[in-house]
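Structure record follows, encoded as structure tokens.
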Amino acid sequence: MKVQKLFGTFFMLLLTTVAMSQEKTITGTVIDQTGIPLPGVNIVVEGTSNGTQTDFDGNYSITGNVGQALLFTYLGQKTERRVIGASNVIDLQMEEDAQALQEVVVIGYGNQEERKIIQNVGIVKQEAIENLQVVSADQLLQGQSAGTQIVNASGVLGSAAVIRVRGVNSINSGSQPLIVIDGVPITDTAGNTLNRGGNTGINPLSFVNPNDIESLTVLKDAGATSIYGSRGANGVILITTKRGRKGERTTVTLDMSTQFSQSTDVPDILTADEFRQFKSDVATIQNGGVLVSPEDLGLGAIGSGGTDWLGGVQRTGVSQNYNLGVRGGSEKTSFFFGLDFQDTQGFIIGNDQQRAGARINIDTQVTDWLKAGMNLGITNNRLNRVGIENNINAPFTTAFLQSPVVPAFDDEGNFVQSGSFIPNIFARVALNTDEVKTFRVIGNAFTEISPLPGLTWRSEFGMDKLNLEEFVRQAEFNTPGGLAQQIWVNEDRWLTNQTINYNNTFNDDHTLTVLLGLNYEETLRTRSNVSSTGFLTDDLRNLGSGATPQVLNGDRFPSRLFGLFSRVSYDYKGKYLVEGSVRRDGSSRFGANNRFGYFWSAAAGWVLSEESFIQNLNFFDFLSLRASIGTVGNDRLGTFPSLGLFNAGGFGDYNGESGVVPARRPANPDLKWEESETLDIGLKSTFLNGRINFNVAYFKKTTSDLLLNQILPPGTGFNSISRNVGEMENRGWEFELSTVNVRTENFEWRTNFNLTTIDNEVLALNEDAATDLQGRRIIDGPIQRAIEGESLNNFFLIRYIGVNPQTGDAEWLDVNGNVTTNPGSGDRVVTGSPLPDFSGGMTNTFTYKGFDLSVLMNYSYGNEVVIDGLRFADGNDAIGGIVNIRRQNLNFWRQPGDNAFLPSPNSSTFNLFNQRSSQQQLDASYLRIKNVTLGYNLPQSVLDRLGGIFNGVRFYVTGTNLLTIKADEMDGIDPEVTDDIDPLFQGESFFTAPQAKLYSFGARLTF
């Protein structure tokens, strides 16, 4: 028996030795069709989890047994299989998979081969965004897609960006695009929170982790957007999150970074002693040369100290970001699982944000005819808010305005009241609470049934569920008696999409695709707003501790949308392509007489590169022409816009009894959507073996039935009624150029450039609109005027010339162009526009061995801004002369020949200088280095020495908003800000906090 056991042990050891002798290390190099090394090729031992990736030079190393097979996979390349034999080296040249390359574009309710697309869509793929470090997802689009302009509202965390797809498309309705995440149109949270100055609200994309995004597609023309019917007029942004890939080994990616933030640029304002001296000098001149000291003015003596308010509201923000992603797949199932945590400290005191999120995306082929999946994202967000601008809780506004001689603290370090309506902002930030908590779930589940070849029925059920709570608690020091306010918002959107898709190719030449669909959505927003005052002590934080509670409002806003749609595509030999779509929408937002609407599009394309006369040129790799025309709608009409509303509660109180009273707007059963008809013509080309891609498009969008207010006779009891009576047009050009400038074995340089021009014209306003001196209908505002026959956005101001060097008087032009020193409101004329002549972006990407460098720039030219706050920061007597001013005001006129900024203190124009005029209108053209990222990937040899734990290690540094080239007059002012998403107020600002300058340091580990 012992002999048998000994023999058995020896036999097992022998088998083990033989088996181990068969395991070997395989090395090799993977190249593409042109012989260039391919980095990032996935290599896995078939049937195991043992895998690796090629390094930057295309080299790899993996262990396996003789007889096992290696699978090589790479996006756009055919999967290759090689059996391990006697050799320890397996080199491979991969072949392009044309079919895979064509199945990459997400469009409305489906996918489409890229080469067959005859819609105008902007595609931002993973390689363009995977290394960008951004705070919110909208920043991934900045400068990356022609026709899409994104202006960050401010540097305040959580602020929504102004997004325009092919310009402003409305006057009184919304102009923000529809955003769809994995097939779920999301709500934009407008009106859900308290206003903090400006009119931008909370960024709806702050609920999406940018690291979870695979690609973005911007639908621009009617051919692409009409499938969304009454919601497509402002463009559609489709966000696709990451997924696994079937047959791909599981990879784990951990991304960790630390970020530091500072203000990009702020005005140079006076110190306390400079302010005292300025006031003393001015008063002395006005007193006939008799000295008036700072003490005489109640400002304290020179050297008696003061407060650097502007410096005090700024800090270096430090943030931590962690992202974990797990993706992979088996033969039938693919999955992606993500976790993220972001702890962001803004560069403005009191402004912080913490976000934690999770995502799971699963697709599985249950049977040959059944596929099922789920996309689910969950986000928990906490935001400490501060005012954005023109608000006593806005740190930058109060810091600019507050006198520098006002102390913030007493000798014992206690807060001091400011003594004016401009508060001690340090006390407000330190003692008050202003916090928004949100919990959001966005996701859908789907099944796909394929009963017959080419026929698929897809059934989706999705939701966008938002729970929001905003809590405000103001301390006794800032608000006598104290104040608490709490808002609860629940916004739930439930939807289903049922689509049937048929795709078939007949006789090898004819391809037909038919889509039939049903879309039903139901949204309910409920909002409660409660406040309380009269607190015994600041230690009592809760709302119920106040002596005087008050219900400010309690609202319920339901809406429903029902749509039927179809799209039919046909092509002959992939050369001649036609497509048409139609949608019938029914919406509860429209009037009873216009509850349903029809939207359509027709498109045609010609792939010229398939023609022999083009192929004989031996120049173009791909060349196509396309054109489309169609209609889309805009349903952002507000809440219950067609109904005659009533006010109840406190508004309807009648002699102590409850009641209701009519609101100041009658019912309009004829109210309907604003409709846009778009013509789009484009050319797309690739040549020089894929080294150059050039696309150009012309578009003309005419929007009719604009929602405008018509005045009603006094006898009706109402002021006005909203009717569809206006018309507007946008037309322009889009250019896109991408080039491979240099490509060698170790070095590559790529450039992507885009440029857009847009001309806007108001074609018609309501007949009873006000008119100007030329008889044109207008919509007038304090800074801008919409004019029939002109652009929607025109700065309409008094023209400021400057200070006359000989007289010391400030001079303006009257309405007739004559010089005047006493202008009035009747001298206002068109002085400029906030709309750019052209805008766009450029990205340069460099790779050298393990290093990569990406430089993203965005730009805008020909647009202007009005910084309305300069009416207070320039001059001497704004708000009684108690506010601080910019340093250029020290240059005031003293004697003939002076080229001064400010007029003579003895001039009658000295105090007129603060009036609203083109003096506050500045050239906002800019070129900004938006993002610079330098990365380094450890070579495979180093990874091997680390024990094979890592499949990849990348270190990176990123800078955001590093440099802005702009006009000298914009020193201290960020040209890329606006305080309002309203189309009528673009390009206006009032001490809006500038963008943040960010520095990030991080590492990405792949297992």
Side-chain angles (χ1 to χ4, degrees), residues 103 105-113 116-121 178 180 182-185 217 219-233 235-236 238 371 444 446-462 495-506 510-521 560-572 576-587 590 594-605 626-635 672-673 675-680:
E103 297 176 352
V105 179
V106 177
I107 59 173
Y109 299 101
N111 303 304
Q112 201 166 59
E113 295 179 10
K116 291 185 179 181
I117 282 188
I118 52 178
Q119 306 168 355
N120 193 325
V121 299
L178 176 69
V180 181
D182 290 331
V184 179
T217 305
L219 310 184
K220 296 183 286 188
D221 70 338
T225 60
S226 63
I227 201 73
Y228 288 96
S230 61
R231 297 179 295 178
V236 182
L238 305 179
K371 181 180 179 181
N444 66 358
F446 69 90
T447 59
E448 285 187 3
I449 298 175
S450 302
L452 298 171
L455 183 65
T456 303
W457 170 31
R458 182 180 176 95
S459 179
E460 290 183 350
F461 294 89
L495 65 95
T496 181
N497 296 319
Q498 305 294 323
T499 58
I500 296 176
N501 193 83
Y502 176 73
N503 181 274
N504 201 357
T505 300
F506 305 92
H510 307 273
T511 301
L512 177 69
T513 302
V514 180
L515 171 71
L516 297 174
L518 177 151
N519 167 231
Y520 177 78
E521 299 180 20
R560 294 179 180 180
L561 175 72
F562 177 76
L564 297 172
F565 56 89
S566 177
R567 180 172 58 222
V568 178
S569 303
Y570 166 79
D571 73 81
Y572 174 69
Y576 310 114
L577 309 101
V578 293
E579 183 176 280
S581 67
V582 62
R583 176 160 178 149
R584 180 179 187 262
D585 265 351
S587 173
F590 306 147
N594 283 303
R595 189 57 49 87
F596 292 91
Y598 291 88
F599 308 91
W600 59 272
S601 72
R626 56 170 174 75
S628 68
I629 189 171
T631 61
V632 283
N634 182 5
D635 71 342
K672 64 178 183 178
W673 57 93
E675 184 172 280
S676 296
E677 181 179 282
T678 302
L679 170 69
D680 190 282

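Any value given below was found using the heavy atoms of this structure, including those in side chains, with hydrogens, waters and symmetry copies removed.
- Side-chain contact between V568 and V514 is present, with at least one heavy-atom pair separated by less than 4.5 Å.
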Q: Could you walk me through whether V632 and R583 pass side-chain contact (heavy atoms from CB on, under 4.5 Å), step by step?
A: CA-CA 9 Å; V632 283; R583 176 160 178 149; over 6 Å; no
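- Put simply, the side chain of N444 gets close to the backbone of D182: a donor and an acceptor are under 3.5 Å apart.
- Not a single donor-acceptor pair under 3.5 Å links the side chain of T678 to the backbone N or O of I629.
- Checked options V236, T631, N120; the residue passing with T225 is V236 (criterion: side-chain contact (heavy atoms from CB on, under 4.5 Å)).
- For the pair Q112 and T513, the minimum side-chain heavy-atom distance is 4.5 Å or more.
- Contact of the R584 side chain with the W600 side chain is not registered, since no non-hydrogen atoms from C-beta on lie closer than 4.5 Å.
- Once rounded to the nearest 0.5 Å, the distance linking CG of N497 with OG of S459 reads 9.0 Å.
- Residues N504 and Y502 come closest through the heavy atom pair ND2-OH, 2.9 Å.
- Of all heavy-atom pairs spanning L238 and V106, the tightest one is CD1-O, 3.8 Å.
- Here the closest non-hydrogen pair linking E460 and F446 is CG-CB, 3.8 Å.
- Taking the side chain as every heavy atom from C-beta outward, T499 and F565 approach each other to under 4.5 Å.
- Proximity of a side-chain donor or acceptor of S566 to a complementary backbone N or O of S581 within less than 3.5 Å is not detected.
- Contact detail for A233 and S676: the closest heavy-atom pair is CB-OG, 3.9 Å.
- Not a single donor-acceptor pair under 3.5 Å links the side chain of R458 to the backbone N or O of E448.
- Distance OH/Y228 to CG/N519: 9.0 Å, rounded to 0.5 Å.
- Looking at heavy atoms from C-beta onward, Q119 lies in side-chain contact with D221 at the 4.5 angstrom threshold.
- Closest of all the heavy-atom pairs between S569 and E579 is OG-OE1, 2.8 Å.
- Contact record, S450 with T456: OG-OG1, 3.5 Å, taken as the closest heavy-atom pair.
- Between T447 and W457 there is no side-chain heavy-atom pair separated by less than 4.5 Å.
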**Q.** side-chain contact (heavy atoms from CB on, under 4.5 Å) assessment of Y520 paired with Q498
**A.** CA-CA 9 Å; Y520 177 78; Q498 305 294 323; over 6 Å; no
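- Interatomic distance, D635 CG to D585 CG, rounded to the nearest 0.5 Å: 8.0 Å.
- The NE2 atom of H510 lies 5.5 Å from the OH atom of Y572; values are rounded to the nearest 0.5 Å.
- To the nearest 0.5 Å, atoms OG (S230) and CG (N634) are separated by 9.0 Å.
- When the shell of 6.0 Å around CZ of F596 is examined, it contains more than 12 heavy atoms from other residues, nucleotides or ligands.
- Separating the CZ atom in R231 from the CG atom in L178 is a distance of 5.5 Å, to the nearest 0.5 Å.
- With hydrogens and angles ignored, the 3.5 Å screen pairs a side-chain donor or acceptor of R595 with a backbone N or O of S587.
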